[in-house]
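Okay, structure first, notes after.
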Amino acid sequence: MLDFHTLAEFSRVNCVGICAFLVPANLIATLLTIILMALRRPISQLQLVVGIAIIFAVVMVLHVYSWFVVGVVLAPTYILLSLAITCLVVNIAVLIFHKRLVHYPGFSKTY
């Protein structure tokens, strides 16, 4: 069974390594979803990348909350939290916008 105290402690002890992976992973995965939407790739490809990006963002939110639990309220915690929430919102918006783009092909034409 998972012990959340142990996971939170692991998250705080290995903060530099976790953040060194999650920050670029969030940014690259979110950028990739935007690129795939702009290229009008099939929804199955987009959903896979969005799913991975959402996992990265949720893990970052949980990592930041592990710091909030012990009372660490600093600028980096808020910056990381805002980055994760922004990535979540962008990925969900890309899914919604992609569906509109597919259903209304003239939606993206510029005259």
Side-chain angles (χ1 to χ4, degrees):
M1 187 164 168
L2 286 174
D3 182 19
F4 293 110
H5 176 70
T6 306
L7 284 174
E9 189 63 31
F10 174 81
S11 175
R12 289 188 296 271
V13 168
N14 297 305
C15 180
V16 173
I18 291 171
C19 288
F21 171 75
L22 283 178
V23 169
N26 269 311
L27 294 174
I28 290 170
T30 302
L31 181 64
L32 188 59
T33 60
I34 294 169
I35 290 171
L36 288 177
M37 190 221 32
L39 295 175
R40 295 184 184 201
R41 302 302 299 167
I43 192 72
S44 59
Q45 291 179 356
L46 191 64
Q47 285 175 340
L48 177 67
V49 176
V50 167
I52 293 169
I54 286 174
I55 289 171
F56 288 150
V58 168
V59 169
M60 183 178 283
V61 167
L62 293 174
H63 173 66
V64 170
Y65 282 157
S66 76
W67 281 103
F68 284 151
V69 166
V70 294
V72 176
V73 182
L74 297 171
T77 53
Y78 287 113
I79 292 168
L80 290 174
L81 185 62
S82 64
L83 173 70
I85 291 172
T86 302
C87 288
L88 277 172
V89 169
V90 166
N91 285 303
I92 292 169
V94 162
L95 277 180
I96 294 168
F97 190 69
H98 185 270
K99 289 181 183 181
R100 281 195 179 162
L101 199 64
V102 170
H103 290 302
Y104 304 107
F107 184 66
S108 65
K109 290 183 182 177
T110 56
Y111 296 100

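This chain uses plain numbering: 1 for the first residue, then up along the sequence. Worth saying up front: this structure is predicted, and the values here are computed from it rather than measured.
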Are [Y] and [X] linked, directly or through intermediate hydrophobic residues, by side-chain heavy-atom contacts shorter than 4.5 Å (ILVMFWY only)?
X: L39; Y: L31; result: yes
X: V89; Y: L80; result: yes
X: I18; Y: L81; result: yes
X: V72; Y: M60; result: no
X: V61; Y: V58; result: no

With sequence neighbours left out, write down each residue that passes side-chain contact (heavy atoms from CB on, under 4.5 Å) with V90, or none if nothing qualifies. T30, I34, T86, V94
Taking side-chain contact (heavy atoms from CB on, under 4.5 Å) as the definition, give me every residue that meets it alongside V73, ordered by chain and number, with sequence neighbours left out. F68, Y78
Heavy-atom closest pair, residues [X] and [Y]:
X: M37; Y: L46; result: N-CD1, 4.1 Å
X: A57; Y: N26; result: N-OD1, 3.1 Å
X: S66; Y: R12; result: O-NH1, 2.9 Å
X: H63; Y: C15; result: NE2-SG, 3.4 Å

Report yes if the side chains of [X] and [Y] come closer than 4.5 Å at any heavy-atom pair, otherwise no.
X: W67; Y: V64; value: no
X: R41; Y: I35; value: no
X: L62; Y: S11; value: no

With rounding to the nearest 0.5 Å, note down the distance linking [atom1] in [X] to [atom2] in [Y].
X: L83; Y: L88; atom1: CG; atom2: CG; result: 10.0 Å
X: L36; Y: Q47; atom1: CG; atom2: CD; result: 12.0 Å
X: I28; Y: C87; atom1: CD1; atom2: SG; result: 11.0 Å
X: I96; Y: H98; atom1: CD1; atom2: NE2; result: 13.0 Å
X: I79; Y: C19; atom1: CD1; atom2: SG; result: 11.0 Å

Could you point out which residue of L48, V49, L95 forms a side-chain contact (heavy atoms from CB on, under 4.5 Å) with T33? V49
So, does N91 use its side chain to make a donor-acceptor pair with the main chain of V50 at under 3.5 Å? no
Any pair counted as ring-ring contact (aromatic ring centres under 6.0 Å, His included), so long as it reaches residues 29-62, sequence neighbours left out: F21-F56
